[in-house]
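Okay, structure first, notes after.
Note that this is a predicted model, so its numbers are computed, not measured.
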Amino acid sequence: MWKQRLNHNCHKEESGRIVKTDIVCNLLRTVIYTTPEDLVPVVYLSANRIAPAHEGLELGIGDASIIKALAEACGRTEQQIRIQYKEKGDLGLVAKASRSSQSMMRKPEPLTIRKVFKTFHLIAKESGKDSQDKKKNHIKSLLVAATDCEPLYIIRLLQTKLRIGYAEQTLLAALGQAAVYTEEHSKPPPEIKSPFEEAAQIVKKVYSVLPDYDKIVAALLSDGVWELPKKCDFTPGVPVGPMLSKATKGVSEILNKFQDVEFTCEYKYDGERAQIHYLENGSVEIYSRNAERNTGKFPDVVAAVSRLKKTTVSSFILDCELVAYDRAKQRILPFQVLSTRARKNVSISDIKVDVCVFAFDLLYLNGQALLQENLRIRREHLYTSFEEESGFFQFATSTTSNDVEEIQKFLDQAIDASCEGLIIKTLHEDATYEPSKRSLNWLKLKKDYMENIGDSLDLVPIGAFHGRGKRTGTGFKEEVLEERSTSLRSKVIPKPKSYYQYGESTNPDVWFEASEVWEVKAADLTISPVYRAAVGKVDSNKGISLRFPRLVRVRPDKAPEQASSSEQVAEMYTAQKHNHNDKQDDDEDD
DNA sequence: AATGTCTGCCC
DNA sequence: ATTCTGC
DNA sequence: GCAGAATGGGCAGACATT
């Protein structure tokens with residue numbers, strides 16, 4: 001009764017989301033008709049997940065462990081596997097090409113979805129001494145039993161990189177469509193014109209407020225897709241997908257998009273997104289942008305919101321940014337400082353980096369969902385539900401204006417206040433909270449999105465790593481990438497020049513002669529434990545690196561000698577608002 | 001006990 | 001995080 | 001415009017190794 005085979009996943013050659021959705025839809029229909037009890041594992045594997053994000057279950061397996069398992073399973077050295085990985089650019093393909101050398105007395109049982117899913121859970125649950133060996137052995141057992149294209153997909157599932165143009169949104173659509181086909185419970189309501197399309201939207205929306213396949217699959221099987229929103233609603237205690245924003249290039253684009261509607265501008269704080277659930281029974285949970293449970297990392301935040309909620313408040317869900325904060329100097333601290341905080345089972349007395357909550361939205365209050373309310377209403381509830389306390393809990397600074405110069409000025413103020421920029425939100429029109437949707441409703445404006453503004457450096461490529469896919473992603477269009485690759489191929493040198501400065505653990509696949517100049521944009525400059533640009537200028541041992549680096553353009557008009565100098569890089573670092581500490585100077589250059 | 005490697009998760 | 005690409 | 005797949009820096013924590 002549980003014979004769904006893993007190689008249902010072998011649809012790499014198909015192109016187009018519609019076709020892929022149909023294929024998965026048919027798989028799901030088959031499972032629903034034949035072995036509905038398998039639908040949960042089928043859906044999880046198909047989503048390339050093992051549990052809801054907020055449950056914190058992780059495989060704890062990466063390329064290194066996979067290479068080790070692969071080497072043992074096919075009787076080869078790790079080095080051989082690594083070389084082949086470089087050739088093929090895909091560990092799954094390496095697995096597929098390797099025949100297991102494990103001598104089996106008997107052919108192992110064929111793999112089933114259930115078996116694979118179960119094994120993934122066993123892998124996730126191994127911990128403590130020798131756990132890495134145990135995880136590796138679980139992987140080997142899967143590889144030994146795998147046939148046809150199964151090794152390929154087992155490895156890719158373990159890497160969480162299916163790379164077949166198929167991911168969560170396609171699964172959700174397929175799930176909705178399959179439910180329409182297999183509807184036994186109720187016909188589509190008469191007002192519904194395109195049931196497949198609408199069923200897909202229903203499942204996506206439900207998943208965005210209740211990201212839990214166990215619950216959704218159970219409800220689909222028992223009551224059907226048209227009842228799904230009633231059975232699976234937003235639930236306090238379970239994280240909602242946080243509303244996201246879209247990048248814009250400048251104030252004029254914003255005025256363009258929000259021509260005749262009222263909007264507000266808020267500081268965009270540089271910290272960690274947090275969704276704080278406070279339930280009637282007094283329990284508190286803090287979730288990250290990606291729905292990870294972070295409660296144990298922020299006991300100070302739990303205390304702050306509990307203390308600063310007004311007495312009329314019995315439950316809430318708060319959307320906010322947690323920002324490192326120096327209470328003595330009343331200053332926001334950089335993200336890099338926040339990231340040094342301890343993460344597990346933190347005691348308030350051990351906290352070394354204080355945090356201020358900057359609150360900007362309220363999704364739930366005293367038993368009532370606010371998601372469907374306009375921002376104006378939600379924000380009023382927010383303001384009346386909490387007491388501000390400097391350095392502990394503050395409302396995000398905001399202003400309401402549609403004047404170009406005022407907004408520009410407000411952006412400058414935000415940057416001066418150590419923020420990344422602004423978030424712009426409508427107050428009435430399209431102003432409901434849309435979980436997970438990268439809708440137009442929220443726009444973000446950062447200096448580094450604006451042309452000719454923000455930090456931009458002229459850099460010389462001196463080393464490179466081989467990519468592992470067909471396309472690449474940090475400012476290189478395919479054509480430019482091809483050009484640069486061709487041009488630099490003739491500049492490859494066997495060893496780095498004696499004057500190159502690089503960390504011991506920096507081992508590029510190829511080194512280049514200094515030959516061309518690239519203009520690179522970044523959001524920030526940071527002190528780096530690995531890179532050595534301008535080493536000694538700002539920190540005696542560490543260099544400077546870029547946050548969110550991307551290629552803007554190649555500068556054929558510039559020679560390597562005209563690239564940004566160490567002095568310039570150090571200056572740019574020091575010029576950043578945060579970095580007005582006092583440090584000494586030293587020697588050297590790039 | 002100290003150091004190194006790997007992983008997950010922030011941005 | 002940002003950016004690019006096929007649909 | 002959506003969805004997916006590429007890509008970046010840097011930190012703590014868990015284990016493994018020395």
Query raised in the report: Base, sugar-phosphate alone, or nothing: which one does A:R550 contact when heavy atoms must sit under 4.0 Å apart?
Result: sugar-phosphate
Requested in this report: Tell me what A:I61 touches on the nucleic acid: a base, only sugar-phosphate, or nothing, going by heavy atoms under 4.0 Å.
Outcome: sugar-phosphate
Report task. List the steps, then state whether side-chain contact (heavy atoms from CB on, under 4.5 Å) holds for A:D458 with A:R555. Result -> CA-CA 8 Å; A:D458 292 324; A:R555 296 293 301 263; 4.1 Å; yes
Report summary line: Only residue of A:N48, A:V24, A:I23 satisfying side-chain contact (heavy atoms from CB on, under 4.5 Å) with A:Y166 is A:V24
Report task. Please confirm whether any donor atom in the side chain of A:R343 sits under 3.5 Å from an acceptor in the base of B:dC9, or the reverse. Result -> no
Query raised in the report: What does A:I527 touch in the nucleic acid at a heavy-atom separation under 4.0 angstrom: a base, only the sugar-phosphate, or nothing?
Result: sugar-phosphate
Query raised in the report: For D:dA14, does either OP1 or OP2 sit under 4.0 Å from a side-chain N or O belonging to A:S131?
Result: no
Query raised in the report: Which part of the nucleic acid, if any, lies within contact of A:K297, taking any heavy atom under 4.0 Å across all strands shown: a base, the sugar-phosphate backbone alone, or nothing?
Result: nothing
Report summary line: Heavy-atom nearest nucleotide on DNA chain D taken for A:P549 and for A:R17; more 5' hit belongs to A:R17
Query raised in the report: Checking all strands, does A:K129 fall into the base, sugar-phosphate, or nothing category for heavy-atom contacts under 4.0 angstrom?
Result: sugar-phosphate
Report task. Provide, to the nearest angstrom, the distance between the CG atom belonging to A:D539 and the C1' atom belonging to D:dG10. Result -> 15 Å
Requested in this report: Please determine if A:R49 forms a cation-pi arrangement with A:F120, meaning its NZ or CZ atom is less than 6.0 Å from the six-membered ring centre and no more than 45° off the ring axis.
Outcome: no
Query raised in the report: Please give, in whole Å, the distance from D:dG9 P to A:Q336 CD?
Result: 13 Å
Requested in this report: Calculate the interatomic distance between A:F548 atom CZ and C:dT3 atom P; express it in whole Å.
Outcome: 10 Å
Query raised in the report: Closer than 4.0 Å, any side-chain N/O of A:K204 to the OP1 or OP2 of D:dA3?
Result: yes
Query - Spacing of A:K521 atom NZ relative to D:dG9 atom C1', expressed in whole Å - result: 19 Å
**Report entry** Comparing A:N294 and A:Q132 on DNA chain B - which has the more 5′ nearest nucleotide
**Finding:** A:Q132
**Report entry** Atom NZ of A:K297 with >12 non-hydrogen neighbours under 6.0 angstrom
**Finding:** yes
